[in-house]
**Q** 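Okay, here's the structure, questions in a sec.
Just so it is clear, the structure is predicted and the values come from calculations on it, not from any experiment.
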Amino acid sequence: MRNTPRGNTPVEVEVRRFLHAMGLRYRVDHPIPHLTRSRPDIVFTRRRVAVYIDGCYWHFCPLHRSIPTTNRDWWIAKLQANADRDVTHTKELSDGGWTVLRFWEHEEPKLIAARVQSVVLQL
């Protein structure tokens, strides 16, 4: 797990490329002061929009979740804790006045970028 990259997944990079081409400027992996263990993948600081692109494995995607057969109970607890933490961070940000957008890595990057653009431009 220590060697698993935190960011810059192919989907994140492609979404950022589309957003930049749309003329949107953002911060990458930017800390938000009142969140302790969460750094959104893409942050629009002035508009207060936080975008997460969650990996299907690590965030327990309902469509693609898979559980290792070795040490199964530990992995179930670990992956469920990740999913629970996502819910907690989303609530903390929302309560702090942020708009939170969450996407799965299996979603089409161009559609993710279009959705983010529509939300950012509405605020």
**Q** Can you tell me how far apart NE2 (H89) and OG (S38) are? Round to the nearest 0.5 Å.
**A**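 One finds 5.0 Å between NE2 of H89 and OG of S38.
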**Q** According to a hydrophobic-cluster definition based on side-chain heavy atoms being under 4.5 Å apart (Ile, Leu, Val, Met, Phe, Trp, Tyr only), do L79 and I76 belong together?
**A**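 L79 clusters together with I76.
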**Q** If we only count heavy atoms from C-beta on, is the P40 to W98 side-chain gap below 4.5 Å?
**A**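 Of all side-chain heavy-atom pairs linking W98 with P40, none is under 4.5 Å.
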**Q** In terms of hydrophobic clustering (I, L, V, M, F, W, Y; side-chain heavy atoms under 4.5 Å; direct or indirect links), are V13 and I53 co-clustered?
**A**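 Result: no, two separate clusters.
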**Q** If the condition is side chain to side chain contact (heavy atoms under 4.5 Å, CB included), which residues does P68 pass it with, not counting sequence neighbours?
**A**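 Y57, W75.
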**Q** What's the spacing between F44 CZ and L101 CG if we round to 0.5 Å?
**A**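 One gets 9.0 Å once the value is rounded to the nearest 0.5 Å.
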**Q** Quick test of your reading: applying salt bridge (charged side-chain N to carboxylate O under 4.0 Å, His left out), list the pairs with at least one residue in residues 50-59, sequence neighbours left out, ordered by first then second residue.
**A**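 Salt bridge (charged side-chain N to carboxylate O under 4.0 Å, His left out) check on residues 50-59 returns D54-R102.
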**Q** Does any part of the side chain of F103, heavy atoms only, come nearer than 4.5 Å to the side chain of D41, both counted from C-beta?
**A**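 No. Closest side-chain heavy atoms not under 4.5 Å.
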**Q** Can you name the residues that form a side chain to side chain contact (heavy atoms under 4.5 Å, CB included) with T88, not counting sequence neighbours?
**A**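 For T88, the residues satisfying side chain to side chain contact (heavy atoms under 4.5 Å, CB included) (neighbours in sequence not counted) are E92.
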**Q** Identify, with sequence neighbours excluded, every residue that meets salt bridge (charged side-chain N to carboxylate O under 4.0 Å, His left out) alongside D95.
**A**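 Listed in chain order: K91.
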**Q** How would you list, by chain and number, every residue that makes a side chain to side chain donor-acceptor pair (under 3.5 Å) with Q80, sequence neighbours excluded?
**A**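 Once residues adjacent in sequence are excluded, the partners of Q80 under the side chain to side chain donor-acceptor pair (under 3.5 Å) criterion are D84.
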**Q** I'd like to check the side chain to side chain donor-acceptor pair (under 3.5 Å) partners of H30; sequence neighbours left out, ordered by chain and number.
**A**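 Listed in chain order: nothing, the list is empty.
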**Q** Hey, could you give me the NZ/CH2 distance between K78 and W58, rounded to the nearest 0.5 Å?
**A**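 Interatomic distance, K78 NZ to W58 CH2, rounded to 0.5 Å: 6.5 Å.
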**Q** Using the test salt bridge (charged side-chain N to carboxylate O under 4.0 Å, His left out), find all partners of R48 that sit at least two apart in sequence or belong to another chain.
**A**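 Scan of R48 (salt bridge (charged side-chain N to carboxylate O under 4.0 Å, His left out), adjacent residues dropped) gives none.
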**Q** Side-chain heavy atoms under 4.5 Å apart, restricted to Ile/Leu/Val/Met/Phe/Trp/Tyr: what other residues fall into the cluster of V87, or is it alone?
**A**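 Same cluster as V87: nobody, lone residue.
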**Q** Out of curiosity, does V43 fall in the hydrophobic cluster containing V100 (side-chain heavy atoms, cut-off under 4.5 Å, transitive links)?
**A**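 Linked within one cluster.
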**Q** Kindly give the heavy-atom pair with the smallest separation between C56 and H106, and that separation in Å.
**A**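 Looking at all heavy atoms of both residues, the closest pair is SG-ND1, 3.1 Å.
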**Q** Name the atoms and distances for all side-chain donor-acceptor pairs under 3.5 Å in residues 18-27, with sequence neighbours left out.
**A**
residue, atom, partner, partner atom, Å
R25, NH1, H20, O, 3.1
Y26, OH, R16, O, 3.0

**Q** Can you give each donor-acceptor pair under 3.5 Å made by side-chain atoms of residues 107-123, sequence neighbours left out, with the distance rounded to 0.1 Å?
**A**
residue, atom, partner, partner atom, Å
E107, OE2, W104, N, 2.8
S118, OG, R115, O, 2.8

